[in-house]
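These notes concern the structure reproduced below.
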There are 2 protein chains.
Amino acid sequence: MTHPIPRTRIQEKNRARVLEAALEVFSRAGFRGATLDAIAGEAGLSKPNLLYYFASKEDIHVTLLEGLVDRWLDPLREMRAEGDPQAELLAYVRRKLQMSRDFPRESRLFAQEIVQGAPRIGAGLSTDLKALVDEKAGVIQAWMDAGKIAPSDPHHLIFSIWSLTQHYADFDVQVRAVLGEGRDPIDEAEGFLETLFTRLLTP
Amino acid sequence: MTHPIPRTRIQEKNRARVLEAALEVFSRAGFRGATLDAIAGEAGLSKPNLLYYFASKEDIHVTLLEGLVDRWLDPLREMRAEGDPQAELLAYVRRKLQMSRDFPRESRLFAQEIVQGAPRIGAGLSTDLKALVDEKAGVIQAWMDAGKIAPSDPHHLIFSIWSLTQHYADFDVQVRAVLGEGRDPIDEAEGFLETLFTRLLTP
DNA sequence: GTCTATAACAAGATAGAC
DNA sequence: GTCTATCTTGTTATAGAC
């Protein structure tokens, strides 16, 4: 990696511009489908200038994914063992759904990486991710054992929250096509998912 | 399209070989990430021979998707208004989960097409797909109105079945990384999803 | 730091022999 | 029908002037 960590303010700002543009293009077209031309155009820079700030196309992609994973798991990290179990889980669902509304491009970027077998972030999945999920699954299991929420498999409960919320970002085109014009999918999902998880979790 | 509908048995067989190989490669790498070289290698044919059977790379991809959409919706079509509501819905969930087990590559191919905005099958979504879903949502609504199952939004109920079942095919890598070795994700999902939908649907 | 020009290569598609 | 060789285009990346 010949490109050093940026030090000046202008470098940091231009790197951010590139990453914003790259997020837009990568999330729409995938890694191979995205071209440096498209990213450069979106960023309002020339193609060589792009490669002044990043070593390669792959460097941009990896930088994007690394910055993403942490933020992606924040809603789960915030779940507190000390809080009211059902309220904590429902709040987690709302936070996660909110991310589908606020960061759909990030969700789609991540989805494509996973669907393709996580070729670029595979390692972190079985270590960092697994550790966090196992910990939180333990908290949920304790809640179930105490009779605070109805019993089910904690790991699959977490999977269900991921899939149900991310669906509205990743499959947005399909959801909108089916619902038709003039409906706000995520707005409706909020009520539906509250109903679903309330019925699932109430002892 | 200069390539005619195949008539001989050997043509049909070779086209099938190409499609099988293409499914493998496209589902792993996406449309742009897949190369004709990779598909040819997987099929055991030369690259020009591939293009003897299909007009272009896109032709292969479109053929694959067209053959897929119909089969993909079969489990929903089989849902009968005359049956027991809860049993019909739970059976639909089981059929859909079974497809994630039996046809994960098809699921991932479809997922990538949708995530990228359905550039190649977009049209069909708002017509055929919407029509079928609207019809079945009507059936579900009638069941709810009759008090046979607990009320919720029928469209989002169908979305939830899609997302929860397809998750185990599309995010397989992540699910396995989190669960660790020696567990059968879909086997476990069967029990979890039966619990989830029973609690959601029971009046 | 940013640009124009271009090198180097990968990949879709075709020509033409067999 | 199938192959080897090749054309052509698009794309990543670099060279070098400013």
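In what follows, chains are A, B, ... by sequence order, proteins preceding strands, each numbered from 1.
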If you only use heavy atoms from C-beta on, which nucleotide in [options] is closest to the side chain of [X]?
{"X": "A/Ser56", "options": "D/dA5, D/dA13, C/dT2", "answer": "D/dA13"}
{"X": "B/Pro48", "options": "D/dG1, C/dA15, C/dG1", "answer": "C/dA15"}
{"X": "A/Lys57", "options": "D/dT12, D/dC3, D/dT2", "answer": "D/dT12"}
{"X": "B/Leu51", "options": "C/dG12, D/dA13, C/dT14", "answer": "C/dT14"}
{"X": "A/Asn49", "options": "D/dT14, C/dT2, C/dG1", "answer": "C/dT2"}
{"X": "A/Arg32", "options": "C/dA11, D/dT12, D/dT2", "answer": "C/dA11"}

So what does [X] hit on the nucleic acid, given a heavy-atom distance under 4.0 Å: a base, only sugar-phosphate, or nothing?
{"X": "B/Ala38", "result": "nothing"}
{"X": "B/Leu36", "result": "sugar-phosphate"}
{"X": "B/Ala40", "result": "nothing"}

Below 4.0 angstrom from OP1 or OP2 of [N], is there any side-chain N or O of [X]?
{"X": "B/Tyr53", "N": "D/dT2", "value": "yes"}
{"X": "B/Thr8", "N": "D/dG1", "value": "yes"}
{"X": "B/Thr35", "N": "C/dA11", "value": "no"}

Euclidean distance, atom [atom1] of residue [X] to atom [atom2] of [N] [Å, nearest integer]:
{"X": "B/Asn14", "N": "D/dG1", "atom1": "CG", "atom2": "C1'", "value": "9 Å"}
{"X": "B/Phe54", "N": "C/dG12", "atom1": "CZ", "atom2": "P", "value": "15 Å"}
{"X": "B/His61", "N": "C/dA11", "atom1": "NE2", "atom2": "P", "value": "17 Å"}
{"X": "B/Ile60", "N": "C/dG12", "atom1": "CD1", "atom2": "C1'", "value": "11 Å"}
{"X": "B/Leu50", "N": "D/dG1", "atom1": "CG", "atom2": "C1'", "value": "14 Å"}
{"X": "A/Lys47", "N": "D/dT11", "atom1": "NZ", "atom2": "P", "value": "8 Å"}
{"X": "B/Asp37", "N": "D/dT4", "atom1": "CG", "atom2": "P", "value": "12 Å"}
{"X": "B/Tyr52", "N": "C/dG16", "atom1": "OH", "atom2": "P", "value": "18 Å"}

Inset, instruction - Run through A/Leu97, A/Val93, A/Asp184 and flag the one making a side chain to side chain contact (heavy atoms under 4.5 Å, CB included) with A/Glu190. - result: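 One option only clears the test, and that one is A/Leu97.
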Inset, instruction - May I ask you to check if A/Arg120 and A/Phe31 form a cation-pi contact, with NZ or CZ under 6.0 angstrom from the six-membered ring centre and within 45° of the axis? - result: yes
Legend entry - Check: B/Ser27/B/Glu106 side-chain N/O donor and acceptor closer than 3.5 Å: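 No, no side-chain donor-acceptor pair sits under 3.5 Å.
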Inset, instruction - Indicate whether the side chain of B/Asp134 and that of B/His155 have a donor and an acceptor atom separated by less than 3.5 Å. - result: yes
Legend entry - Between A/His156 and B/Tyr168, ring centroids under 6.0 Å: yes
